[in-house]
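Take a look at the structure below.
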Amino acid sequence: MRWIILSLVIVVTGCSTVPATFTPAEPIPANEFSHRLLSRVLDAHVSNGVVDYPAIQLDDRLPAYLAQLDRVDPNAFVTRDERLAFWINVYNAFAIKGILDHYSPVSYVGRYRYFIGRDYRVGGAGINLYDLERQVLIKQFQEPRIHFAIVCASTSCPKLQAWVYEPDQLERQLDRVAREFINDPTRNRFDRAQKVASLSMIFKWFDDDFTRAAGSVLAYIARYVNDPELFQDLTRVEYRIEYLDYDWSLNGIPPKEPSHAGQS
């Protein structure tokens with residue numbers, strides 16, 4: 001999701017593989033599709049953002065959920081909130097699956113393989129995490145709060161929640177994760193005496209999204225800060241912005257290595 005060189009790689013490869021239409025085999029009607037299986041996986045194996053990947057490896061509900069994704073047409077969901085909630089949950093499920101398949105965004109090469117080099121199945125078509133984020137979530141929905149909801153399995157990412165995004169709760173859920181991320185001192189810090197904002201790299205990488213929504217990154221952040229005095233500062237006083245190093249280490253317990261028993 002977040003990197004320096006991948007944009008260059010995209011220019012070089014010129015590849016965007018987001019399908020305009022989906023033709024799933026053995027389709028599940030959109031009104032019969034449910035995120036219940038993913039919800040149960042997250043509830044059982046995620047605690048305060050820490051993911052127990054070895055436990056998920058043993059949980060048959062994730063592969064069952066992923067199999068269902070390949071049978072539903074994402075364009076068949078009627079409302080914007082249905083489609084947005086669907087794609088956020090899909091992103092987080094695929095990000096988990098990538099880790100279980102022993103892809104890792106820790107290194108530059110690993111980020112290419114994790115975000116671009118691996119396709120996942122949805123609606124009978126393949127899509128990678130990069131295109132899902134850039135071409136679907138950002139381009140189609142223009143909703144900056146998605147940056148606090150999708151989780152790329154890294155420590156500096158937003159916390160993976162132990163629940164799924166639901167269309168009828170989406171506004172409340174997105175506000176909740178935006179406020180949680182912005183007020184988390186491990187991700188954003190504000191020195192009111194020195195007028196310095198030390199921000200997550202997410203605000204640098206996706207500056208355009210936040211600026212388009214609020215006029216500036218700090219104006220956007222001010223919408224969600226809990227401290228009323230900081231709110232007054234951010235809306236009235238100029239702050240110098242610094243960006244914190246991004247910690248790409250895994251956001252949980254590493255999955256078990258594949259067994260090579262019986263192999264020569």
Q. Can you tell me if N251 and Y53 form a side-chain donor-acceptor pair at under 3.5 Å?
A. yes
Q.
Checking D191 against Y239 for the side-chain contact (heavy atoms from CB on, under 4.5 Å) test, could you report, in this order, the C-alpha distance in whole Å, the side-chain angles of both residues, the deciding distance, and whether it holds?
A. CA-CA 9 Å; D191 185 334; Y239 268 58; over 6 Å; no
Q | Flag side-chain contact, heavy atom, 4.5 Å: R118 against D101 | A | yes
Q. Does P144 reach the side chain of Y220, with side-chain heavy atoms less than 4.5 Å apart?
A. yes
Q) Taking only residues at least two apart or on different chains, which pairs with a member in residues 154-189 satisfy ring-ring contact (aromatic ring centres under 6.0 Å, His included)? A) F148-F181, W163-Y165
Q: Would you check if I56 and V41 make a side-chain contact, meaning some heavy-atom pair closer than 4.5 Å?
A: yes
Q. With ring centroids as reference points, do Y103 and Y114 lie under 6.0 angstrom apart?
A. no
Q | L42 side chain near V164 side chain, heavy-atom distance below 4.5 Å | A | yes
Q: Report the relative orientation of the aromatic rings in F33 and H35; use parallel for angles under 30°, tilted for 30 to 60°, perpendicular for over 60°.
A: perpendicular
Q.
Rounded to the nearest 0.5 Å, what separates atom CZ in F86 from atom CG in D81?
A. 15.0 Å
Q.
Please evaluate residues W87 and F77 with respect to the criterion ring-ring contact (aromatic ring centres under 6.0 Å, His included), reporting the C-alpha separation (whole Å), side-chain torsions for both, the decisive distance (0.1 Å), and the verdict.
A. CA-CA 11 Å; W87 283 117; F77 293 102; 9.0 Å; no
Q. Is the shortest distance from a Lys or Arg side-chain nitrogen in E229 or R192 to a carboxylate oxygen in the other one below 4.0 Å?
A. yes
Q) Once the angle between the rings of F203 and F210 is folded into 0 to 90°, is it parallel (under 30°), tilted (30 to 60°) or perpendicular (over 60°)? A) tilted
Q: Just do the side chain to side chain donor-acceptor pair (under 3.5 Å) check on E180 and Q161 with the steps written out, would you?
A: CA-CA 11 Å; E180 179 178 288; Q161 303 297 332; 3.0 Å; yes
(Q) By the salt bridge (Lys or Arg N to Asp or Glu O under 4.0 Å) test, which pairs, at least two apart or in different chains, include something from residues 61-71? (A) D59-R61, D70-R121
Q. Are any of the side-chain heavy atoms of D175 and Y224 separated by less than 4.5 Å?
A. yes
Q: Answer yes if the side chains of Q135 and Q140 hold a donor-acceptor pair under 3.5 Å, and no otherwise.
A: no
(Q) Between E171 and R145, does any NZ, NE, NH1 or NH2 come within less than 4.0 Å of an OD or OE carboxylate oxygen? (A) yes
Q: Carefully, step by step, assess N128 and Y120 under the rule side chain to side chain donor-acceptor pair (under 3.5 Å).
A: CA-CA 6 Å; N128 62 44; Y120 302 89; over 6 Å; no
Q) So, do Q169 and R176 sit near enough that their side-chain heavy atoms are less than 4.5 Å apart? A) no
Q: Indicate whether the side chain of S249 and that of D247 have a donor and an acceptor atom separated by less than 3.5 Å.
A: yes
Q. If we only count heavy atoms from C-beta on, is the V90 to I127 side-chain gap below 4.5 Å?
A. no
